> 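First the structure, then my questions, so here it is.
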Amino acid sequence: MLKRISMLVVAGLAAATLTGCGGGGGGSGSGGGDGSITMGFSQVGAESGWRTANTKSVQESAKAAGITLKFSDAQQKQENQIKAIRSYIQQKVDVIAFSPVVESGWDTVLKEAKNAKIPVILTDRAVDSKDTSLYKTFLGSDFVEEGRKAGKWLVEQYKDAKDPVNIVELQGTTGSAPANDRKAGFQEVVGADPKFRIVASQTGDFTRAKGKEVMEAFLKANPDIDVLYAHNDDMGLGAIEAIEGAGKVPGKDIKIITVDAVHDGMQALADGKINYIVECSPLLGPQLMDLAKKVVKNESVPARVVTEETTFTQEQAKTALPSRKY
Ligand code: GYE
């Protein structure tokens, strides 16, 4: 997997955040001189198969890297993440890593970490803070590109169609980077041709249960849905249940595009119930631990580390499934 992930330095952005204040001086582990590192990690929650795989990757990689991990699950609530980060600051951990549930509202707590000289690494999701000195680096996917990939596949599928294509969209958690960006990237591509109509778009909070519930409402309100674009596999899987419940055939009557490529999603793709999946890798743990070791030593790291990802058709899913790690 590591081979498939590469580090990309985003020029220009890099220099500003690499040097200067922060560093590992404030922590308890490395500061104690024995070389051990303690990381406080605030996870979004356990909302999806992706998240479960991500948590496992972080926990296993910390162990393998000899990093002591303090882990907390915020149950998709920003207030819980802020509490966890404050408690990590109080405990004087060496480094804080977190996956921000939403993009905005982090400046105050990030300033507190900076004042305590504890470096912060964003993993998986971004914040919209103007002051990029509040964190050392951001490790995760390019969600806008994921949205574009979904859109491009759709445009290709319907390139000869003359009739309007009615699309419903299940968005991820409101205000989260992947929901904002996957929507924007998709819209950028399909918006170029007026035959593509997004007839309904609502959040399903990245969960299966919500995906099913919202899809049921979509089906009731819109008799003529051609395509479902779901911002993750889990919502797509919930929606499949709703579509079958309404007596329609997922993958045929309604074409389905999702993002993530977790095992259950890939199985549904191989089974013909999903038509296309844009991959988003949750296996961020090894890179996170490498970055953590560097920022604790005040070594320079790229300001942005982008994970490399692919896409899957139904045929490709059949081939890839047996060796899939999550
Ligand atoms: O796509 C979704 C999860 O932030 C990339 O969060 C992550 C997203 C992922 O709940 O399944």
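On a predicted model such as this, the values are computed, not experimentally measured, just so you know.
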> Give the intermediate values and the outcome of side-chain hydrogen bond (donor to acceptor under 3.5 Å, both in side chains) for residues S176 and E103.
CA-CA 6 Å; S176 70; E103 285 189 280; over 6 Å; no
> After noting the C-alpha distance and the side-chain angles of W106 and F98, does the key distance pass the ring pair (Phe, Tyr, Trp, His ring centres under 6.0 Å) rule?
CA-CA 11 Å; W106 298 102; F98 80 114; 4.9 Å; yes
> If you look only at distance, which donor and acceptor atoms sit under 3.5 Å apart when one is on a side chain in residues 253-266 and the other is two or more places apart or in another chain?
residue	atom	partner	partner atom	Å
D253	OD2	V249	N	2.7
T258	OG1	D233	OD1	2.7
D264	OD2	R208	NH2	2.9

> Output the distance between atom CG (D124) and atom CZ (F143), rounded to the nearest 0.5 Å.
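So the gap between those two atoms works out to 5.0 Å.
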> If you measure only the distance, is there a donor-acceptor pair under 3.5 Å linking the side chains of H231 and E169?
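Present: a donor and an acceptor within the cut-off.
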> Identify, with sequence neighbours excluded, every residue that meets salt bridge (charged side-chain N to carboxylate O under 4.0 Å, His left out) alongside K159.
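So K159 forms a salt bridge (charged side-chain N to carboxylate O under 4.0 Å, His left out) with E156.
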> Return yes if some donor-acceptor pair links the side-chain N/O of S129 with the main-chain N/O of D131 below 3.5 Å, else return no.
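No.
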> Can a side-chain donor-acceptor contact be found between E309 and S141 if the only test is distance below 3.5 angstrom?
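Per modelled atom types, S141 and E309 side chains form a pair under 3.5 Å.
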> Could you check whether R86 makes a cation-pi contact with Y88, meaning its NZ or CZ is under 6.0 Å from the centre of the six-membered ring and within 45° of the ring axis?
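Because its charged atom misses either the 6.0 Å distance or the 45° angle limit, R86 does not stack over Y88.
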> I want to check something: taking the side chain as every heavy atom from C-beta on, are I85 and I82 in contact at a cut-off of under 4.5 Å?
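Not in contact.
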> Taking only residues two or more places apart in sequence or in another chain, which ones pass side-chain hydrogen bond (donor to acceptor under 3.5 Å, both in side chains) with Q316?
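Applying side-chain hydrogen bond (donor to acceptor under 3.5 Å, both in side chains) to Q316 gives T313.
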> Quick one: pull up CG in L110 and CG in N115 and give me the separation to the nearest 0.5 Å.
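Output value for this atom pair is 11.0 Å.
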> For Q171, check side-chain hydrogen bond (donor to acceptor under 3.5 Å, both in side chains) against everything at least two apart and list the hits.
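With sequence neighbours excluded, Q171 shows a side-chain hydrogen bond (donor to acceptor under 3.5 Å, both in side chains) to S201, given in chain and number order.
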> Specify whether Y158 and F196 have parallel, tilted or perpendicular ring planes, treating 30° as the upper limit for parallel and 60° as the lower limit for perpendicular.
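Taking F196 first and then Y158, their aromatic rings stand perpendicular (interplane angle over 60°).
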> What distance do K117 atom NZ and K92 atom NZ have between them, rounded to the nearest 0.5 Å?
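The NZ atom of K117 sits 12.5 Å away from the NZ atom of K92.
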> Suppose we screen for salt bridge (charged side-chain N to carboxylate O under 4.0 Å, His left out). Which residues come up paired with K70, at least two apart in sequence or across chains?
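Partners of K70 under the salt bridge (charged side-chain N to carboxylate O under 4.0 Å, His left out) test: none.
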> Enter the distance from D271:CG to K273:NZ here, rounded to the nearest 0.5 Å.
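The distance works out to 6.5 Å.
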> Output yes when K77 and E79 qualify as a salt bridge under the 4.0 Å nitrogen-oxygen rule, no when they do not.
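Here K77 does not pair with E79 in a salt bridge, since their nearest N and O are not under 4.0 Å apart.
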> Could you state the interatomic distance from OG (S57) to OH (Y326), rounded to the nearest 0.5 Å?
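Separation between the atoms: 10.0 Å.
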> Under the salt bridge (Lys or Arg N to Asp or Glu O under 4.0 Å) definition, can you give me all pairs with a residue in residues 280-289, not counting sequence neighbours?
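For residues 280-289, and leaving out neighbouring residues, there are no salt bridge (Lys or Arg N to Asp or Glu O under 4.0 Å) pairs at all.
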> Among all residues two or more places apart in sequence or in another chain, which pass the side-chain hydrogen bond (donor to acceptor under 3.5 Å, both in side chains) test with T203?
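Partners of T203 under the side-chain hydrogen bond (donor to acceptor under 3.5 Å, both in side chains) test: none.
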> Are a donor atom and an acceptor atom from the side chains of T207 and D234 found within less than 3.5 Å of each other?
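The answer is no; no qualifying pair exists.
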> Side-chain contact, heavy-atom cut-off 4.5 Å: L134 with D107?
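A side-chain contact exists here, since the closest heavy-atom pair is under 4.5 Å.
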> Starting at OG of S99, measure out to CD1 of I121 and round the result to the nearest 0.5 Å.
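These two atoms lie 13.0 Å from each other.
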> Would you tabulate the side-chain donor-acceptor contacts of residues 213-229 under 3.5 Å, counting partners in other chains and residues two or more places apart, or write 'none'?
residue	atom	partner	partner atom	Å
N222	ND2	F218	O	2.9
D226	OD2	N166	N	2.7
Y229	OH	R182	O	2.9

> My understanding is that only residues two or more places apart in sequence, or in another chain, count here; which of them pass salt bridge (charged side-chain N to carboxylate O under 4.0 Å, His left out) with K152?
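K152 satisfies salt bridge (charged side-chain N to carboxylate O under 4.0 Å, His left out) with no other residue.
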> Do you know the tightest heavy-atom contact between D128 and G105?
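So the two residues come closest at OD1-N, 4.4 Å.
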> Give the minimum heavy-atom separation between L170 and G211, together with the two atoms involved.
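Scanning both residues, the minimum pair turns out to be CD1-O, 3.9 Å.
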> Listing request: all side-chain hydrogen bond (donor to acceptor under 3.5 Å, both in side chains) pairs with a residue in residues 39-48, at least two apart in sequence or in separate chains.
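Only S42-Q81, Q43-R51, Q43-N54, Q43-T55, E47-R51 qualify under side-chain hydrogen bond (donor to acceptor under 3.5 Å, both in side chains).
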> Just grab all the ring-ring contact (aromatic ring centres under 6.0 Å, His included) pairs involving residues 281-308, residues at least two apart or on different chains.
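Not a single pair qualifies under ring-ring contact (aromatic ring centres under 6.0 Å, His included).
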> For K318, which residues count as a side-chain hydrogen bond (donor to acceptor under 3.5 Å, both in side chains) partner, sequence neighbours excluded?
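Counting only residues at least two positions away or on another chain, K318 forms a side-chain hydrogen bond (donor to acceptor under 3.5 Å, both in side chains) with E315.
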